[in-house]
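Each chain gets a letter, A, B and so on, in the order its sequence line appears, and its residues count up from 1.
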Amino acid sequence: MRILQLHSNYIEYKPIQKEIAIAEETDKETKRLEEVVVLFTAVEEGDDETVAHKAVDEVKAFLEKLKVNRILIYPYAHLSSNLAKPSEALKVVKAMEAHAKAQGIETHRAPFGWNKQFTISIKGHPLAEQSRIILPTKAKKEAEKVSEALKAEEKLVSYWYILQPDGKMVPVEEFNFKGHENLEKFAKYEISKVRASQQMPPHVPLMKRLEIADYEAGSDPGNIRWYPKGRLIKSLIEQYVTAKVVEYGAMEVETPVMYDFNHPSLADYINRFPARQYVLKSEDRELFLRFAACFGQFLMVHDTQFSYRHMPLRVYELTRYSFRREKSGEVVGLRRLRAFTMPDCHAFCTDLEQAKKEFITRFKLCIQVLEGIGLTKDDYEAAFRFTKDFYEENKDFIKSLAEIFGKPVLVEMWSEPFFYFRLKWDFNFVDNQDKAAALSTDQIDVENAKRYEITYIDEKGERRYPLILHCSPSGAVERCIYALLEKAYKQQQKGEPPTLPLWLSPTQVRLIPMSEKFLEHCEKMAETLEANQIRVDIDERPLTIQKRIREAEMEWIPYIIVVGEKELESEALPVRDRKARKIRKMTLKELMDEIKSQVQDKPFRPLPLPKHLSKRPQFYG
RNA sequence: GCCUCGGUAGCUCAGCCUGGUAGAGCAACGGCCUUGUAAGCCGUAGGUCGCGGGAUCGAAGCCCGCCCGAGGCUCCA
């Protein structure tokens, strides 16, 4: 809303003719007001009652200064190029009038929708002429864009159970959680939303101190800056997940990050997905940033020729980025971001039988992927979510999933379908604040093929709609890193040294020469290690050994070797092994074999920083 | 988004209540030390006290608004 506020000796105005259909009724008499503050007001798109109140409140504060208590609200479109619809504008203007009257201000209002003639005399004092811009509080503006799914979710009724590996389903309040403390925390988090956090999430100081990632104040909250070490870790996980999904049989593609809000299939889908979007304007279009890879892939497959012979048809994209405009109070560290990297893999299946089979393949794939990243079943809990109907018809199938998982699973059952899927599972990491965050997930989608007009040709030559499985095999990559850091912190709380998996450690081996004399020997060792695809660096700074050891330990470096006189003479190196918490005598060859055996099936990238510590900048602290 | 708390040197923080010359440790930089497995010593430099406004002779400090972060609420594919 824009207001031109004029402290006037008098104003005279006269309605001449109606400009729009919804113009208010009025007589065409000349009106005159004296000693009045005139508010020429333009109502803009997105303005609402709250804005009207805010505007009046601001004006009121001003009136008190001027010691005036008479206003004229004068609708005046020419102040803005982004006007609200007349019907909305009239509502807002009326809200201003009502609120001003309620505040005890003598309030007059010129009719809305008329072409008017006016004469005004403005007082000359410094405060007589002012302009104001009142913006809607963000909440209100967003409320207009909240999807139907979000609204539906508010009304959603869930029934909670624990599904045991043997297939028995027990109401959650009857389940004995002994030995399943993590599941208990997860269930509480999901159901009662109770949590007892006194501290800030430990991964946040860790991600900063380890120079992995940090907040970027120059962006929107939840958009993260990645330092070289973090970029390496993230990149390795990205490569790993992609390799596993390709191995499973998916075709990797790339699709746009932004889409037309008014595209018919998309607009409809957005309303079935419980998330908020970033919206941006470009020329006359309203675009939104994707929150998953579904759009691009569906639009692509819509144009694809395929039959039952090609199915299940598997399409994959690593979205860098997916955007979700989470509530600001929810965005935290690497747990919940507004821009994140998510592998998203869809499988188009002929029928429920094929979908179920594929679902099981992917379920196993996800367990494997997380394991590779460094998260075992002990680190996360599973939730299965489905409609009652689906469960009744597919009991054995759901039981078989629980059996594969091998641990009790939290079940959320809905009496009616609210979303576009009928069955969904997710793996959830429970962190040091007892909060849960979903990692891998898969869903059976029964709606979107129709919505996007995706069809395949069946054995009889007829067009049919496939079922679509949506899977993120690892969940957001940032969230995996969050889970690894939180897990490391848990280790530390138990008195163990915190570690990252060896294949993700930015430095795998650090060499510390006793003095310059031994630098050359270190260089040779480093060359050998590098030739074997091991990330090695050399701390040749003129600091004490103790200090350099300490810093290497604080960086969580898995292997540290001090090189001095003895190492020139002997093959046996004193390797400080972080995990074993001791110095192990071994040859370089033995060390290399040990490392290779641990990282063999994982991708490799070279050291992301200068090899020599003396050449290395400090990104944080 | 709401409520509460916080934002002071690159980092961690003191100073704020009770207004009057901006502090420490770590890091950086310069030097000494030449080191055998988690902090050696001395020195130098480093600050729009988050941003904007207000009251005051005078603001890091008091008042108001905004931005960012944290905890809680809410929400969570």
Is a donor-acceptor pair below 3.5 Å formed from side chain A:Q433 to base B:G72, judging by atom type as modelled? no
Scanning all shown strands, the Watson-Crick or wobble mate of B:U35 with both distances under 3.5 Å is none
The single option from A:E238, A:R320, A:M342 passing side-chain contact (heavy atoms from CB on, under 4.5 Å) against A:V477: A:E238
Within this structure, what is the CG-to-P distance between A:L543 and B:A28, rounded to whole angstrom? 8 Å
To the side chain of A:V332, which of B:C75, B:A28, B:A70 is closest? B:A70
Nearest of B:A38, B:G71, B:C73 to any side-chain atom of A:R578? B:A38
Under 6.0 Å from the ring centre and within 45 degrees of the ring axis: does the NZ or CZ of A:K566 meet both conditions for the six-membered ring of A:F518? no
Determine whether a donor-acceptor pair (one donor, one acceptor, N or O, separation below 3.5 Å) exists between the side chain of A:R576 and the base of B:A38. yes
Between A:S515 and B:U35, does any side-chain N or O lie under 4.0 Å from OP1 or OP2? no
Respond yes when some side-chain nitrogen or oxygen of A:Y620 is under 4.0 Å from OP1 or OP2 of B:U12, and no when none is. yes
With a 4.0 Å cutoff (strictly under), does any side-chain N or O of A:K547 reach OP1 or OP2 of B:A27? yes
A:Q546 side chain N/O closer than 4.0 Å to the phosphate oxygens (OP1, OP2) of B:U35? no
Side chain of A:I545 only, heavy atoms from C-beta on: which candidate in B:A38, B:C75, B:G36 is closest? B:G36
Work out how far the P atom of B:G47 is from that of B:C63, and round it to whole angstrom. 29 Å
Presence of donor-acceptor pair under 3.5 Å, side chain of A:E330 and base of B:U74: yes
For A:R209, answer base if it contacts any base atom (sugar-phosphate contacts may also be present), sugar-phosphate if it contacts only those atoms, and nothing otherwise; contact means non-hydrogen atoms under 4.0 Å. nothing
In the strands shown, is B:U48 matched to any nucleotide by a Watson-Crick or G-U wobble pair with both distances under 3.5 Å, and which? none
Say we look at B:U18 and B:C62: how far apart would their P atoms be, to the nearest angstrom? 9 Å
Heavy atoms from C-beta onward define the side chain here; which of B:U37, B:G36, B:G1 lies closest to that of A:I549? B:U37
Which nucleotide in B:G1, B:A38, B:C33 has an atom nearest any side-chain atom of A:P542: B:C33
Pick the nucleotide of RNA chain B nearest each of A:R479 and A:G333; which residue has the one closer to the 5' end? A:G333
With rounding to whole Å, what would you report as the distance between B:G6 and B:C64 at their P atoms? 14 Å
